[in-house]
Number of protein chains: 2
Amino acid sequence: MPAATKTDWGSFALEKLQAAGFRRGGARTAVVEALADQDCAISAFELEDLLRERGGGVARASIYRALEQLADLGLLKRLEVCRGTTSYERVEPGGEHHHHAICADCGKLIPFEDNSLERAIDKIAGRMSFDVAEHDVVLRGRCEHCTR
Amino acid sequence: MPAATKTDWGSFALEKLQAAGFRRGGARTAVVEALADQDCAISAFELEDLLRERGGGVARASIYRALEQLADLGLLKRLEVCRGTTSYERVEPGGEHHHHAICADCGKLIPFEDNSLERAIDKIAGRMSFDVAEHDVVLRGRCEHCTR
DNA sequence: ATGACTGCAAAGCCTTTGCACGCAA
DNA sequence: TTGCGTGCAAAGGCTTTGCAGTCAT
């Protein structure tokens, strides 16, 4: 039931923001609500567009500030999709997560998950003298559509 | 014998550049030679510094141009280490490659390789309707030194 | 009332582009 | 000689910062 997960993230994020001492400003709340609706990573630019379409436009600076705060609290994860632009994706409270295949032609993001991949990474993390907090896996190539 | 591999990459790159119709300019050659000496990924900024120290300073634009050409020919791989800066790493002709753990505190890059990780990724690639050309795995956290 | 939040504009940072000169072929 | 390669400076694109007005608490 993905809808429930999304709602969960939104309220979870707002609670965590409040617990961290943030007030409930309109711009940040709008950013949280927009992010709660996304299925995959979104860039600051796309988010700005989305918020403008929704009516309550939010200043670019406020968007970046909110994204940074959310990322710092561990509520968002950064992901470089196109060269030079960062996209942001929800971090689910439960820890479930996916990785991405990115089409070099059209930029499409295709999410995937795989248990044996996670196990392999956990094993590596376990034997390294490095405190692994998170991991990214990105596949690059061409999507089904662009291959033809 | 890492030294041999490095030398190999340098001549391999120069040959491939020539085969692609590029002339043998001084700036690009200096970039290739500097990259041949690196043990891990390096940013354009670090490369500029390195080349300046070596005496034959190379213009920033020429560095970026060379890096782009090398990456387009598949001789370099791009890697985002710090937020907002791209680093470049040799792609070995033999296909052997490693991944990276990146310390969030000091930025240190720790390379690692793992067969079961590669196998897991190959299996995923095999069953996706996506033409996977390459993959990145990045572990983020704190290095041994910064944990203490 | 106080200080956080926001919007706007300006500044920053990395990277790319335009252009004229120099060098490889 | 031709036109690719290079350096310099300017422009670009994304992101961050400064500041003054506004709003949550």
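Computed from a prediction, not measured in an experiment: that's the story for all the values here. Throughout, protein chains are lettered first and strands after them, A, B, ... in sequence-line order, and every chain is numbered starting at 1.
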Would you say the side chain of Leu70(A) lies within less than 4.5 Å of the side chain of Leu35(A), judging by non-hydrogen atoms?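 Answer yes - side chains close enough.
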Kindly indicate, with the supporting measurements, whether the criterion side-chain contact (heavy atoms from CB on, under 4.5 Å) is fulfilled by His98(B) and Asp114(B). CA-CA 8 Å; His98(B) 59 252; Asp114(B) 184 83; over 6 Å; no
Degree of bending, the helix from dA1(C)-dT25(D) to dA25(C)-dT1(D) (end axes from five pairs; round to 10°):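 End-to-end axis angle: 30°.
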Is it true that [X] and [Y] make a salt bridge, defined as a side-chain N closer than 4.0 Å to a carboxylate O?
{"X": "Lys77(B)", "Y": "Glu89(B)", "value": "no"}
{"X": "Asp122(A)", "Y": "Arg119(A)", "value": "no"}
{"X": "Arg142(B)", "Y": "Asp131(A)", "value": "no"}

Could you point out which residue of Glu134(A), Arg90(A), Glu118(A) forms a side chain to side chain contact (heavy atoms under 4.5 Å, CB included) with His97(A)?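 Per the side chain to side chain contact (heavy atoms under 4.5 Å, CB included) rule, the option paired with His97(A) is Glu118(A), out of Glu134(A), Arg90(A), Glu118(A).
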Measure [atom1]/[X] against [atom2]/[N] and give the value in whole Å, please.
{"X": "Leu67(A)", "N": "dT16(D)", "atom1": "CG", "atom2": "P", "value": "9 Å"}
{"X": "Glu48(A)", "N": "dC8(C)", "atom1": "CD", "atom2": "P", "value": "10 Å"}
{"X": "Leu17(A)", "N": "dT6(C)", "atom1": "CG", "atom2": "P", "value": "10 Å"}
{"X": "Gln69(A)", "N": "dA4(C)", "atom1": "CD", "atom2": "P", "value": "12 Å"}

Go along nucleotides 20-25 of chain D 5' to 3' and tag each nucleotide: B for a protein heavy atom under 4.0 Å from its base, S when only backbone or sugar atoms are that close, - otherwise. ----BS
Reading nucleotides 12-20 of chain C 5' to 3', which nucleotides get B (base under 4.0 Å from a protein heavy atom), which S (sugar-phosphate only), which -? --SBBBB--
Side chains of Arg83(B) and Thr86(A), donor plus acceptor under 3.5 Å: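 Judged by distance alone, the side chains do pair up.
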For the residue pair His99(B) and His135(B), does the interplanar ring angle fall in the parallel (under 30°), tilted (30 to 60°) or perpendicular (over 60°) class?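 Ring orientation, 0 to 90° scale: tilted.
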Trp9(B) side chain to Asp37(B) backbone, donor-acceptor under 3.5 Å: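 Pair absent, no side-chain N/O of Trp9(B) close to backbone of Asp37(B).
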